[in-house]
Amino acid sequence: MKKQINLKTYFIYFGILLLSVSCQRDSDDDFKGIDQPDETIRVDDLSALPTAFNFPNNNTFSNDKFELGQALFWDPILSGNRDVACATCHHPDFGYADGREISLGVNGVGIGPNRQGGNLIERNAPTILNTAFNGIDVDRNYNPNSAPMFWDNRANSLEEQALLPILNHDEMKGDVIAEGDIINVITQRINAIPAYQNMFAAAFGNTTVNGNRIAQALATFQRTLVANNSRFDQYMRGDMDALSNQEIQGMNTFIDAGCVNCHSGPMLSDYELHTLSVPDHPLVSDDGANGNFNFRTPTLRNLNRTAPYMHNGSFDNLRQVLNFYRDISRGNGDSQNPNVDNNQIDQDARNLRLNNNDINEIISFLNTLDDDDFDKTIPQNVPSGLTVGGNIN
Ligand code: HEC
Ligand code: HEC
């Protein structure tokens, strides 16, 4: 049994002691960011996000690189038919996701749930908020050069991820240009635009445009999209008034029920793959990372902005997610996907302990993980002169 913790009580007894111990334990030796106050406390396996974040040594931050990355992120010039930008599916109005069950790519029109027409993408678009911290463990160690990306962890680092949507037929590439040519085509297009030449020179020292530089600039921009000051973070950094008693109770229930066995660390994710038996989407049966219907534990931050949930958007709201967990737990129910046997379901999910009251408490805790204070800038225009964000209007 995990112990019940009320930090308010904890602090009366151990306040100063706990703070000083945690300062020593939380080694930030490999931390390259700036100004890292280290008063974060850890309850079991949960803790605040760091207040600053690491850039990899081989792709350090500069404002010029950020501005280039932002322009590229919003510019549909990166897509074969010049109709889709990264922001088409990762838009600040939808918490840098797209608010859809599964995404629609090339040839689509509109944004979010109203988007129509485009090629079907088999998965739900995750938020890119806080991907700077992907892979962070309970001790707040993480390595931006190997940060796991995608529902199946198949890319490592924002840099490695960045060109994959551009190469993908349905997401951005489309029919006209061959996969082997698309990066050459877009570098030539970008090269022909003086404003981009200047931006590449400012960011990288000369005007050479290549896939590696595009990836580095996109990664730099995305890394800055951080929301690390939720009320949960404030509480874990020592502001005992940031959470209500009910929300603290919800956190304890989240821990006691067993959610924390997978949703751990500052991102509320172990970044491991697990089989749960989420129902298939009516249009797609997705068997996950290695045919076992297993998917990465997602972050639980900013869920208020990123519905619908799961790798295929199966659940519209948190209550449906929690009912699902109740229904797969031993004693309460069975697999919710006919392709998954009960004994394939991860033991930590089978062992969850949930009743209806627990569900209400846990939802009140999950709502404390929301932070509205992130960069929502939508540029007025992009250097290509194309429609900002692609065909989203
Ligand atoms: C058509 C919609 C669409 C477009 C356009 C798109 N994405 Fe995505 N993005 C997705 C989907 C869907 C996933 C999940 C795919 C998977 O897990 O297999 C994803 C995943 C990601 C992730 C992984 C996040 C995580 O935590 O694992 C990052 C980062 C990302 N996209 C960045 C980008 C960038 C950069 C671009 C532009 C170059 C882009 N996306 C274009 C839909 C899109
Ligand atoms: C065995 C590990 C495991 C346990 C235990 C677990 N989860 Fe999950 N959680 C996952 C995985 C993996 C996914 C993604 C599954 C998918 O998309 O198919 C997920 C998805 C979610 C989502 C959807 C997030 C999103 O952005 O789509 C929420 C919310 C969630 N879990 C909350 C909880 C709560 C609350 C508990 C405790 C009652 C819990 N989880 C227990 C592994 C786990």
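Quick caveat: nothing in here was measured; it's all calculated off a predicted structure. Remember, it's 1-based here, ligands and their atoms both numbered in the order they're listed. Count residues from 1 along the sequence.
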Open item on the list: Applying a heavy-atom cut-off of 4.0 Å, say which part of Glu122 lies close to ligand 1: side chain, backbone, both or neither.
Closed with: neither

- [ ] Measure Leu104 to ligand 1 on non-hydrogen atoms and call it side chain, backbone, both or neither using the 4.0 Å cut-off.
- [x] backbone

TODO: Assess the side chains of Thr208 and Asn206: does a donor N or O sit below 3.5 Å from an acceptor N or O?
DONE: yes

TODO: Any atoms of ligand 2 less than 4.0 Å from a non-hydrogen atom of Ile362? List them with their elements.
DONE: 35 (C)

TODO: Identify the protein heavy atom lying closest to atom 25 (C) of ligand 2, giving its residue, its atom name and the separation to 0.1 Å.
DONE: Tyr309 CD2, 3.7 Å

Task: Donor-acceptor pair between Ser335 and Asn337 side chains, under 3.5 angstrom - done: no

TODO: Measure Asn124 to ligand 2 on non-hydrogen atoms and call it side chain, backbone, both or neither using the 4.0 Å cut-off.
DONE: neither

Task: Donor-acceptor pair between Asn210 and Thr187 side chains, under 3.5 angstrom - done: no

Task: atom 17 (O) of ligand 1 [closest protein heavy-atom partner, distance rounded to 0.1 Å] - done: Trp151 N, 2.8 Å

Task: Exercise: do Asp270 and Ser264 side chains pair donor with acceptor under 3.5 Å - done: no

Task: Side chain Asn153, main chain Tyr271, donor-acceptor under 3.5 Å - done: yes

Open item on the list: Could you check whether any heavy atom of Ala85 sits closer than 4.0 Å to an atom of ligand 1, since that is the contact criterion I want to use?
Closed with: yes

- [ ] Output, by chain and residue number, all protein N/O/S atoms separated from atom 8 (Fe) of ligand 2 by less than 2.8 Å.
- [x] His263 NE2, Tyr325 OH

TODO: For Leu303, counting its heavy atoms only, list the atoms of ligand 2 lying under 4.0 Å from any of them.
DONE: 24 (C), 26 (O), 29 (C)

Task: Residue Glu122 excluded, over 12 heavy atoms near CD under 6.0 Å - done: no

Task: Residues Ser230 and Asp233: side-chain donor-acceptor under 3.5 angstrom - done: yes

TODO: Would you tell me whether Asn59 and Lys65 have side-chain atoms, one donor and one acceptor, within less than 3.5 Å of each other?
DONE: yes

Task: Residue-ligand contact Asn134/ligand 1, heavy atom below 4.0 Å - done: yes

- [ ] Decide whether Ser314 and Asn312 meet the rule of one side-chain donor and one side-chain acceptor closer than 3.5 Å.
- [x] yes

Open item on the list: Count I, L, V, M, F, W, Y as connected when their side-chain heavy atoms are under 4.5 Å apart, and connections chain through other members. Are Val321 and Ile328 then in the same cluster?
Closed with: yes

Open item on the list: If I compare all heavy atoms of Ile111 with all of Phe94, which pair ends up nearest, and what's the gap?
Closed with: CG1-CE1, 3.8 Å

Open item on the list: If the cut-off is 4.0 Å to any non-hydrogen atom of Ala162, which atoms of ligand 1 fall inside it?
Closed with: 38 (C)

Open item on the list: Quiz question: by atom type and distance under 3.5 Å, do the side chains of Arg100 and Asn124 form a donor-acceptor pair?
Closed with: no

Open item on the list: Using a 4.0 Å cut-off to any heavy atom of Leu318, which atoms of ligand 2 qualify?
Closed with: 29 (C)

Task: Derivation of the ring-ring contact (aromatic ring centres under 6.0 Å, His included) call for His90 and Trp74 - done: CA-CA 10 Å; His90 301 284; Trp74 285 91; over 10 Å; no

Open item on the list: Just to be sure I understand the site: which N, O or S atoms from the protein are less than 2.8 Å away from atom 8 (Fe) of ligand 1?
Closed with: His90 NE2

Task: Audit row: Leu104, Asn119, side-chain contact (heavy atoms from CB on, under 4.5 Å) steps and yes/no - done: CA-CA 5 Å; Leu104 291 176; Asn119 290 24; over 6 Å; no

Open item on the list: As an exercise, identify every atom of ligand 2 less than 4.0 angstrom from a heavy atom of Val278.
Closed with: 16 (C), 18 (O)

Open item on the list: Show me which atoms of ligand 2 lie under 4.0 Å from any heavy atom of Gly258.
Closed with: 5 (C)

- [ ] Around atom 20 (C) of ligand 2, find the nearest protein heavy atom and jot down its residue, atom name and distance.
- [x] Met310 SD, 3.3 Å

TODO: State the atoms of ligand 1, each with its element, that fall below the 4.0 Å cut-off from a heavy-atom position in Thr131.
DONE: 24 (C), 26 (O)

Task: Test item: Arg301 and Asp370 side chains (from C-beta on) under 4.5 Å apart, heavy atoms - done: no

TODO: Return the residue, atom name and 0.1 Å-rounded distance of the protein heavy atom closest to atom 35 (C) of ligand 1.
DONE: Gln222 NE2, 3.3 Å

Open item on the list: Could you tell me if Arg154 and Gln161 have a donor-acceptor pair between their side chains, going purely by distance under 3.5 Å?
Closed with: no

- [ ] Give the numbers and elements of all ligand 2 atoms closer than 4.0 Å to a heavy atom of Asp348.
- [x] 1 (C), 5 (C)

- [ ] Identify, for atom 18 (O) of ligand 1, the protein heavy atom at the shortest distance, and state residue, atom and that distance.
- [x] Arg154 NH1, 2.8 Å

Task: Donor on one side chain, acceptor on other, His169 and Asp175, under 3.5 Å - done: yes

- [ ] Show which atoms of ligand 1 fall inside a sub-4.0 Å distance from at least one heavy-atom site of Leu158.
- [x] 29 (C)

Open item on the list: Can you tell whether the side chains of Asp241 and Arg231 come within less than 4.0 Å, N to carboxylate O?
Closed with: no

- [ ] Could you list the atoms of ligand 2 found under 4.0 angstrom from a heavy atom of Asp346?
- [x] 1 (C)

Task: Residue, atom name and distance, where the atom is the protein heavy atom closest to atom 12 (C) of ligand 1 - done: Arg123 O, 3.2 Å

Task: Interfacing atoms of ligand 2 (cut-off 4.0 Å, heavy-atom, His311) - done: 16 (C), 17 (O), 18 (O)

Task: Gln222 side chain to Leu158 backbone, donor-acceptor under 3.5 Å - done: no

Task: Main-chain N/O of Arg326 paired with Ser329 side-chain donor or acceptor, under 3.5 Å - done: yes

- [ ] Without swapping roles, check the side chain of Asn381 against the backbone of Gly385 for a donor-acceptor pair under 3.5 Å.
- [x] no

Task: Close-contact set for ligand 1 against Val84 heavy atoms, below 4.0 Å - done: 5 (C)

Open item on the list: Using heavy atoms and a 4.0 Å limit, tell me yes or no: is Arg296 in contact with ligand 2?
Closed with: yes

Task: Heavy-atom proximity to atom 15 (C) of ligand 1, best of Trp74, Tyr96, Phe295, Phe150 - done: Phe150

TODO: Give the C-alpha distance, both sets of side-chain angles, the deciding distance and a yes or no for ring-ring contact (aromatic ring centres under 6.0 Å, His included) between Phe55 and Phe53.
DONE: CA-CA 7 Å; Phe55 289 89; Phe53 45 94; 5.3 Å; yes

